[in-house]
Amino acid sequence: QVQLVESGGGLVQAGRSLRLSCAASGRTFASYTMGWFRQAPGKEREFVAGISPSGGTTDYTDFARGRFTISRDNAKKMVYLQMNSLRPEDTAVYYCAAKSGLYNGQFSYTSQYDYWGQGTQVTVSS
């Protein structure tokens with residue numbers, strides 16, 4: 001069982017940065033594929049970024065590539081999402097997710113993740 005707790009959200013002006021953190025419990029954190037997703041009001045939850053268990057492979061959706069960076073610290077059981085050049089359309093609840101089982105190189109499907117955090121609100125003002 002893994003519990004995930006996100007933090008770091010808040011209200012920020014367009015063009016500024018935020019760093020989201022996800023603290024995980026559980027002894028096998030280093031074996032999990034991790035992902036960040038977001039959900040805006042009235043919209044479906046969407047993939048933002050993913051990272052392999054070792055941290056050696058990352059993937060981003062188009063709107064995140066070049067602005068966001070996902071990273072992890074397996075010793076601390078933490079996953080991070082550094083978000084730069086934020087835009088009003090980045091406003092959403094951001095969720096951390098963990099996928100157990102063998103790493104298969106897939107990051108973007110919500111259905112493949114076994115554990116989810118409660119989310120942290122990010123609001124970007126224009």
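Note that the structure is a prediction, hence the values are computed from the model and not measured.
- When every heavy atom of Ser85 is checked against every heavy atom of Ser17, the shortest pair comes out as N-OG, 4.3 Å.
- Side-chain contact between Ser21 and Met78 is present, with heavy atoms from C-beta onward closer than 4.5 Å.
- Residues satisfying the ring pair (Phe, Tyr, Trp, His ring centres under 6.0 Å) criterion with Phe37, sequence neighbours excluded, are Phe47, Tyr113, Trp116.
- Here Phe63 is tied into one hydrophobic group with Val2, Leu4, Val12, Leu18, Leu20, Phe29, Tyr32, Met34, Trp36, Val48, Ile51, Tyr60, Phe68, Ile70, Val79, Leu81, Met83, Leu86, Tyr94, Tyr115, Val122, Val124, each link being a pair of ILVMFWY side chains closer than 4.5 Å.
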Report all side-chain donor-acceptor pairs from residues 103-110 shorter than 3.5 Å, counting only partners two or more places apart or in another chain.
| from | atom 1 | to | atom 2 | distance (Å) |
| --- | --- | --- | --- | --- |
| Asn104 | OD1 | Gln106 | N | 2.9 |

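- Residues Ser126 and Pro88 come closest through the heavy atom pair CB-CG, 3.9 Å.
- Distance check, rounded to the nearest 0.5 Å: OG1 of Thr33 to CD of Gln112 gives 7.5 Å.
- Annotation: the span from Thr123 atom OG1 to Asp90 atom CG amounts to 11.0 Å, rounded to 0.5 Å.
- In this structure, Thr120 contributes its side chain and Gly9 its backbone to a donor-acceptor pair below 3.5 Å.
- The side-chain hydrogen bond (donor to acceptor under 3.5 Å, both in side chains) test with Asn74 is passed by exactly one of Lys76, Arg72, Lys77: Arg72.
- Residue pairs meeting the side chain to side chain donor-acceptor pair (under 3.5 Å) criterion with at least one member in residues 43-53, sequence neighbours excluded, are Arg38-Glu46, Gln39-Arg45.
- Note: Gln13 CD to Ser125 OG = 5.0 Å, rounded to the nearest 0.5 Å.
- Applying the side chain to side chain contact (heavy atoms under 4.5 Å, CB included) test to Asp62 and every residue at least two apart in sequence or in another chain returns Arg65.
- Looking at residues two or more places apart in sequence or on another chain, you find a side chain to side chain contact (heavy atoms under 4.5 Å, CB included) between Gln3 and Ser25.
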